[in-house]
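Heads up: the structure comes next, in structure tokens.
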Amino acid sequence: MLRSLYSAISGLKNHQVKMDVIGNNIANVNTTGFKRSRVTFSTMLSQTMKGAGSPSPNQGGTNPAQIGLGSMLSSIDQIMTEGSSQSTGKNTDMMIQGKGFFVLQNNGETVYSRAGAFTQDDDGTLVEPGTGAKVMGYMYGMERPVDDSATTGVDESKIDWTQLEAIKFNIGENPPLVTPTAISIPRDAWAKSGGSWVYSNPSLIGANATIVGGGILDSARGTITVSPPTADPTLTATPYNTFTITDHDATYTDGTDIPLATLTSFSIDSKGAITGVYSNGDASATRIIGQVAVANFSNEAGLQNLGNSFYAASNNSGAASIGGAGEDGRGAIIPSTVEMSNVDLSQEFTDMIVTQRGFQANSRVITVSDSLLQELIDLKRG
């Protein structure tokens, strides 16, 4: 049987695969965060009719005579270039500008995605709405006191970078936001202990309330950083507990009876930090809720496509490097924006034409080879 028949068949199969890939690219031209694929071919083994000859003093060398046996599929690569941005105006939508993937938990499995069209569920958890997969990140330390001034940035000392968990918007919080009745603490309630002033009546504010070199430590409320005590220091823990210390007297404001504060609005910055504005009707305050995690891979094209715009790590993608946006090569977060598909229709249609012609040419080879075989069969009839 003619070799050309089987060579042409391999070409037909490969061009059919390439057409399948082009069709999938075009089908996902409007899929958020989609990454196009491309097909590459390579030659199959060749049949050697005559081997190469070495040169001699009297005769030059000769090249091998080989007949190729067709083509084979070399690879189907994912092209991970960044797609165009689309502004949505929705404050839970996000886009990664640069390298990186959002980290999600889908039925207990860690997956990665470039599609940042997220929303909140009934519990305030940030999720992918089509599957309910939870967006992962780092929750901010809740011991941080609420500050009614503008948030200036992420205090990374309040983030446990080892604890990756679902981002939750904490719809109902209880950071007291108004000034309730003050409790006066007399000067004889303080005692000098080494370089610290120790509060000797813990029943008023809670155990272990101590002024120590740079701050006040209250086991019930966390650590508040202040200037070291002086002869006439003033210490404010805004807004729900206020200490004013003069000559070792103190006034403490307890806010445990303040009504529940609810989330009224929030914003997301380029690092993925979510800052919420809470109000209980009398006052408002901001607090950083958490920070969205971003994963980076040494070989993004090696990720395994799972569908639903999800990817999984593979043997050739490398392990995920997960952390904050804008750090260690990870891209920055653009809020209220999603990433569009990186499919270029002009490129796809051009590839489609080339693929179609390649398929036709291989079909013609089969037709001509069949004609040659027919001529051979007709010899017997003659």
Side-chain angles (χ1 to χ4, degrees), residues 6-46 68-86 95-104 111-117 128 130 294-321 329-331 337-366:
Y6 293 98
S7 294
I9 289 172
S10 70
L12 285 178
K13 291 180 178 179
N14 292 336
H15 282 83
Q16 181 59 61
V17 171
K18 184 169 184 177
M19 193 65 196
D20 292 340
V21 171
I22 293 172
N24 181 65
N25 289 342
I26 294 176
N28 287 281
V29 67
N30 289 319
T31 300
T32 302
F34 176 78
K35 302 302 177 187
R36 63 178 289 265
S37 298
R38 71 176 180 189
V39 176
T40 59
F41 302 147
S42 61
T43 58
M44 296 183 69
L45 289 174
S46 297
L69 299 178
S71 65
M72 61 184 294
L73 191 67
S74 176
S75 67
I76 301 177
D77 304 315
Q78 296 183 100
I79 309 301
M80 307 301 287
T81 56
E82 185 177 315
S84 300
S85 62
Q86 179 184 12
M95 170 184 171
I96 300 176
Q97 187 178 45
K99 290 188 174 183
F101 296 81
F102 297 107
V103 184
L104 301 97
V111 294
Y112 309 93
S113 178
R114 290 283 297 191
E128 196 282 319
V294 175
N296 206 0
F297 296 87
S298 56
N299 177 26
E300 295 178 338
L303 292 170
Q304 182 179 354
N305 199 326
L306 301 177
N308 291 315
S309 297
F310 294 156
Y311 296 92
S314 74
N315 293 335
N316 197 39
S317 66
S321 172
R330 306 180 195 95
T337 303
V338 294
E339 181 181 2
M340 300 170 65
S341 167
N342 69 349
V343 172
D344 182 352
L345 284 178
S346 61
Q347 178 69 49
E348 299 302 325
F349 285 137
T350 302
D351 289 346
M352 186 186 298
I353 293 171
V354 173
T355 303
Q356 181 184 13
R357 295 307 181 196
F359 191 92
Q360 288 176 337
N362 281 276
S363 299
R364 184 59 58 86
V365 170
I366 293 176

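Being a predicted model, the structure only gives us computed values, none of them experimental.
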Drop me the distance from [X]'s [atom1] to [Y]'s [atom2], to the nearest 0.5 angstrom.
X: Ile76; Y: Asn305; atom1: CD1; atom2: CG; value: 11.5 Å
X: Gln360; Y: Leu12; atom1: CD; atom2: CG; value: 11.0 Å
X: Thr40; Y: Lys18; atom1: OG1; atom2: NZ; value: 9.0 Å
X: Arg364; Y: Arg357; atom1: CZ; atom2: CZ; value: 11.0 Å
X: Phe310; Y: Gln304; atom1: CZ; atom2: CD; value: 14.0 Å
X: Ser298; Y: Lys99; atom1: OG; atom2: NZ; value: 9.0 Å

With heavy-atom distances below 4.5 Å as the criterion, would you say the side chains of [X] and [Y] are in contact?
X: Phe41; Y: Val17; answer: no
X: Ile96; Y: Phe102; answer: yes
X: Arg330; Y: Ser321; answer: yes
X: Ile26; Y: Phe349; answer: yes

Please find the pair of heavy atoms, one from [X] and one from [Y], that lie closest to each other, and give the distance.
X: Ser10; Y: Met44; value: CB-SD, 4.3 Å
X: Gly68; Y: Ser7; value: O-OG, 3.8 Å
X: Val103; Y: Ala295; value: CG2-CB, 3.7 Å
X: Ser346; Y: Thr350; value: O-OG1, 2.8 Å
X: Ala8; Y: Val365; value: CB-CG1, 3.6 Å

- Message: Suppose we call two aromatic rings close when their centres sit under 6.0 Å apart. Are Phe297 and Tyr112 close by that rule?
- Response: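 Centroid separation for Phe297 and Tyr112: below 6.0 Å.
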
- Query: Are Glu348 and Arg36 close enough for a salt bridge, meaning some N to O gap below 4.0 Å?
  - Reply: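 Yes, this pair counts.
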
Output yes when a side-chain donor or acceptor of [X] lies under 3.5 Å from a complementary backbone atom of [Y], and no otherwise.
X: Ser309; Y: Ser113; answer: no
X: Ser314; Y: Gly302; answer: yes
X: Arg114; Y: Met80; answer: no
X: Lys35; Y: Asn342; answer: no
X: Glu339; Y: Gly83; answer: yes
X: Asn25; Y: Ser37; answer: yes
X: Asn299; Y: Asn316; answer: yes
X: Gln78; Y: Leu303; answer: yes

- Message: For residues 71-83, which residue pairs pass the salt bridge (charged side-chain N to carboxylate O under 4.0 Å, His left out) check, not counting sequence neighbours?
- Response: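 Non-adjacent pairs meeting salt bridge (charged side-chain N to carboxylate O under 4.0 Å, His left out): Arg38-Asp77.
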
- Evaluate whether atom CG of Leu345 has more than 12 neighbouring non-hydrogen atoms of other residues, nucleotides or ligands under 6.0 angstrom away. yes

- Query: For Asn14, which of Val39, Leu73, Ile9, Thr355 qualifies under side chain to side chain contact (heavy atoms under 4.5 Å, CB included)?
  - Reply: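 Result for side chain to side chain contact (heavy atoms under 4.5 Å, CB included) with Asn14: Leu73.
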
